[in-house]
Protein chains: 2
Amino acid sequence: MTIISKQGKKFRVPDATIHRLPLYLDKLILLQQAGVKEVSSRQLATSLDIKASQLRHDFHYFGGFSKPGRPYLVDLLVPALEEIIGIDVPLPMVIIGAGHLGQAIANYKNFERQGFPVLGIFDVDPRLVGLEIRGIPIRPQSEMESFVRENQVRLAVLTVPVQAVQEVANKLMACGVVGFWNFSPTDIKVPGTVIVRNERLAVGLMCLSFKTKRLGNLELFP
Amino acid sequence: MTIISKQGKKFRVPDATIHRLPLYLDKLILLQQAGVKEVSSRQLATSLDIKASQLRHDFHYFGGFSKPGRPYLVDLLVPALEEIIGIDVPLPMVIIGAGHLGQAIANYKNFERQGFPVLGIFDVDPRLVGLEIRGIPIRPQSEMESFVRENQVRLAVLTVPVQAVQEVANKLMACGVVGFWNFSPTDIKVPGTVIVRNERLAVGLMCLSFKTKRLGNLELFP
DNA sequence: TTCTCTCTGTCAAACGAATAACACATTCGG
DNA sequence: CCGAATGTGTTATTCGTTTGACAGAGAGAA
């Protein structure tokens with residue numbers, strides 16, 4: 001449930017729709033690489049296991065991408081979606097906490113390709129400071145604030161221990177960070193002008209537990 | 001939307017509810033550790049930023065945990081939720097793919113505490129085979145199937161490259177695996193008797209991008 | 001041209017989830 | 001022992017999302 005305004009007009013885009021946009025883009029890029037030029041809503045939707053009407057409904061929030069009777073043009077849709085999602089302009093980020101998870105994220109090359117270059121990694125542990133991950137040096141936590149300010153970083157990945165999260169987030173917000181990708185299992189308190197995405201891995205695991213343990217008595221539809 | 005049967009009765013529990021159960025449990029364990037004995041739906045709900053009515057509604061799916069007029073007893077609720085979620089009995093898992101993400105997950109001690117011990121890690125890369133993570137050796141991929149069979153592993157974490165995912169999943173299903181925690185950015189095809197949880201990290205990042213880039217023209221509610 | 005076919009944009013209906021409302025069981029103070 | 005206060009279990013209402021339906025725009029064939 002997010003409200004955005006575009007060209008003066010204000011409208012609401014459901015969170016559910018926003019979550020699907022990257023999936024659409026992903027499939028479309030694959031099609032583009034395969035040399036496919038046109039794709040209908042039905043083709044694209046079934047390949048993603050959703051209904052075609054939902055896909056058209058989603059696209060409808062952002063105005064038409066085609067004309068009635070004609071399928072979507074892949075080469076036209078890809079940049080349009082990239083602009084909507086916002087990855088047409090790179091959004092540099094910093095990673096706070098160079099533990100295993102922080103390192104794993106820093107190592108994931110695709111993020112850079114998708115417009116999220118990692119400018120810096122920070123940690124309090126002096127044994128980690130100085131190490132490099134894909135050429136990005138791990139810096140001491142004490143340099144975090146000046147670095148973020150100087151490089152005008154807007155997005156931060158939080159992979160620090162639970163107790164430290166809120167304090168780190170506060171400091172970052174003071175330096176201009178407006179988006180957090182939070183991997184600690186705790187909510188952080190932020191003003192309404194800051195976006196937080198909580199990535200609670202343990203929750204996913206428990207949902208899996210809930211479902212697998214009930215597999216025996218699961219009632220299935222055809 | 002999951003259908004479960006319990007004591008002969010069949011009923012449906014929304015996915016949204018299932019996702020909240022771990023959050024409830026988490027907060028309750030914190031309360032328990034703090035020595036709190038009783039907690040009302042309102043107290044628990046507001047600490048999780050949800051409505052009390054929703055919490056009661058969620059609990060209602062699993063029968064009453066208290067009596068009208070009396071708050072919930074923490075020491076009673078914790079084991080009840082643990083049983084519902086299914087973490088009262090450990091669910092051992094294997095990790096396929098010992099890249100950075102696989103190693104990060106293997107290193108996360110909390111999973112073990114929460115009832116998800118990592119029995120084995122597998123990788124095709126001979127340079128990784130033989131290394132140990134928290135005492136768990138990385139084994140060659142070739143041993144995966146016999147290991148899974150012998151240890152009756154039911155849950156597998158997939159952190160292998162996209163191209164390999166489906167094949168690995170197929171092999172694992174043939175060996176009795178019924179639940180996947182899939183970190184590759186691709187859907188895997190499974191029969192209805194198998195549960196898949198897709199953890200698409202890039203999607204989270206893009207949602208963040210969508211929202212942060214629209215911060216300027218975001219309309220906020222009080 | 002005209003007819004048919006395809007497939008979008010758009011609106012309406014159906015469905016599901018979140019919130020509010022309330023009846024009533026329990027405790028506690030007087 | 002009674003009345004007020006508390007707070008659950010449960011039902012009703014509201015809200016948002018998904019699905020279905022359809023008009024009509026364009027393309028291509030005859």
Side-chain angles (χ1 to χ4, degrees), chain A residues 1-4 6 9-21 23-24 28 31 36-77 80-81 84 207 219 221, chain B residues 1-4 6 9-21 23-24 28 31 36-77 80-81 84 207 219 221:
Chain A
M1 340 138 151
T2 305
I3 293 189
I4 65 170
K6 188 187 171 189
K9 272 191 180 180
K10 289 169 194 160
F11 55 103
R12 230 186 104 272
V13 180
D15 261 354
T17 293
I18 299 172
H19 281 86
R20 279 188 294 266
L21 295 179
L23 305 182
Y24 298 148
L28 282 164
L31 290 174
V36 178
K37 292 295 172 196
E38 298 187 333
V39 66
S40 72
S41 61
R42 192 159 32 81
Q43 289 170 314
L44 190 52
T46 50
S47 79
L48 284 162
D49 252 312
I50 61 167
K51 296 279 185 296
S53 55
Q54 179 160 79
L55 187 148
R56 292 202 301 275
H57 203 308
D58 285 342
F59 281 7
H60 184 230
Y61 286 105
F62 306 99
F65 294 113
S66 173
K67 289 173 180 178
R70 299 274 51 202
Y72 300 108
L73 299 175
V74 177
D75 292 331
L76 216 129
L77 202 44
L81 276 176
I84 290 167
C207 292
E219 215 73 9
F221 293 118
Chain B
M1 342 137 148
T2 306
I3 294 190
I4 65 169
K6 188 187 169 189
K9 273 192 180 179
K10 289 168 194 158
F11 56 101
R12 229 186 104 271
V13 180
D15 261 355
T17 293
I18 298 172
H19 281 86
R20 279 188 294 268
L21 295 179
L23 304 182
Y24 298 149
L28 283 163
L31 290 173
V36 177
K37 291 298 171 192
E38 298 186 332
V39 66
S40 72
S41 61
R42 189 158 35 79
Q43 289 170 312
L44 190 52
T46 50
S47 79
L48 285 162
D49 253 309
I50 60 166
K51 294 280 186 294
S53 54
Q54 179 162 79
L55 187 147
R56 292 202 300 277
H57 205 313
D58 284 342
F59 282 7
H60 183 229
Y61 286 106
F62 306 99
F65 293 114
S66 174
K67 290 174 181 177
R70 298 275 53 207
Y72 300 108
L73 299 174
V74 177
D75 292 333
L76 216 129
L77 201 46
L81 276 176
I84 290 168
C207 293
E219 216 71 8
F221 293 118

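Heavy atoms only: backbone and side chains are in, while hydrogens, waters and symmetry mates are out. Computed from a predicted structure; not experimentally measured. So that the names make sense, note that chain A is the first sequence line, chain B the second, and so on, each numbered from 1.
- To the nearest angstrom, C1' of D:dT13 lies 15 Å from NZ of B:Lys51.
- In this structure, the CD atom of B:Glu38 is 10 Å from the P atom of D:dT8, given to the nearest Å.
- In this structure, CD on A:Glu38 lies 11.0 Å from CG on A:Leu76, to the nearest 0.5 angstrom.
- Rounded to an integer number of Å, the gap from A:Arg20 CZ to D:dT19 C1' is 12 Å.
- The side chain of B:Tyr72 places no N or O atom within less than 4.0 Å of a non-bridging phosphate oxygen (OP1 or OP2) of D:dT6.
- The CG atom of B:Asp58 lies 6.5 Å from the CG atom of B:Leu21; values are rounded to the nearest 0.5 Å.
- The nucleotide whose nearest atom lies closest to any side-chain atom of A:Pro14 is, among D:dT17, C:dC7, C:dT19, D:dT17.
- Atoms NE2 (B:His19) and P (C:dA18) sit 11 Å apart, rounded to a whole Å.
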Quick one: what's the B/S/- string for nucleotides 10-15 of chain C, heavy-atom cutoff under 4.0 Å, read 5' to 3'? BB----
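- Rounding to whole angstrom units, CG of residue B:Leu77 and P of D:dT8 are separated by 11 Å.
- Aromatic ring orientation, B:His60 versus B:His57: perpendicular (interplanar angle above 60°, classes split at 30° and 60°).
- Nearest to the side-chain atoms of B:Pro71 among the listed nucleotides D:dT18, C:dA20, D:dT8 stands D:dT8.
- The two atoms that bring B:Arg56 and B:Tyr72 nearest to each other are CG-OH, 3.7 Å, heavy atoms only.
- Looking only at distances, a side-chain donor or acceptor of B:Gln43 sits under 3.5 Å from a matching main-chain atom of B:Ser40.
- The CG atom of B:Leu81 sits 6.0 Å away from atom CG of B:Leu28, with the distance rounded to the nearest 0.5 Å.
- Checking D:dT8, D:dT19, C:dG9 against every side-chain atom of A:Ser66, the shortest atom distance belongs to C:dG9.
- Atom CG in A:Leu55 sits roughly 12 Å away from atom C1' in C:dC7 (whole-Å rounding).
- Backbone-only contact: B:Ser41 has heavy atoms under 4.0 Å from sugar-phosphate atoms and none from a base.
- Heavy-atom minimum distance, A:Arg42 versus A:Ala52: CA-CB, 3.8 Å.
- With distances taken from any side-chain atom of B:Arg42 to the nucleotides D:dG7, D:dT18, D:dT8, the minimum falls on D:dG7.
- As rounded to whole Å, 11 Å separates atom P of C:dT19 from atom CG of B:Asp58.
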Under the side chain to side chain contact (heavy atoms under 4.5 Å, CB included) rule, what do A:Leu73 and A:Phe65 come out as? Steps first, then yes or no, please. CA-CA 8 Å; A:Leu73 299 175; A:Phe65 294 113; over 6 Å; no
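- Among the heavy atoms of the strands, none lies under 4.0 Å from A:Phe59.
- With rounding to the nearest 0.5 angstrom, the NZ atom of A:Lys37 is 11.5 Å from the CG atom of A:Leu31.
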Can you tabulate the close N/O pairs, meaning under 3.5 Å, that link protein atoms to atoms of nucleotides 25-27 of chain D?
from	atom 1	to	atom 2	distance (Å)
D:dA25	N3	A:Pro68	O	3.3

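- Checked by atom type and distance alone, the side chain of B:Ser66 pairs as donor or acceptor with a backbone atom of B:Pro71 at under 3.5 Å.
- If you measure from atom CD of A:Gln43 to atom P of C:dC7, you get 7 Å, rounded to the nearest angstrom.
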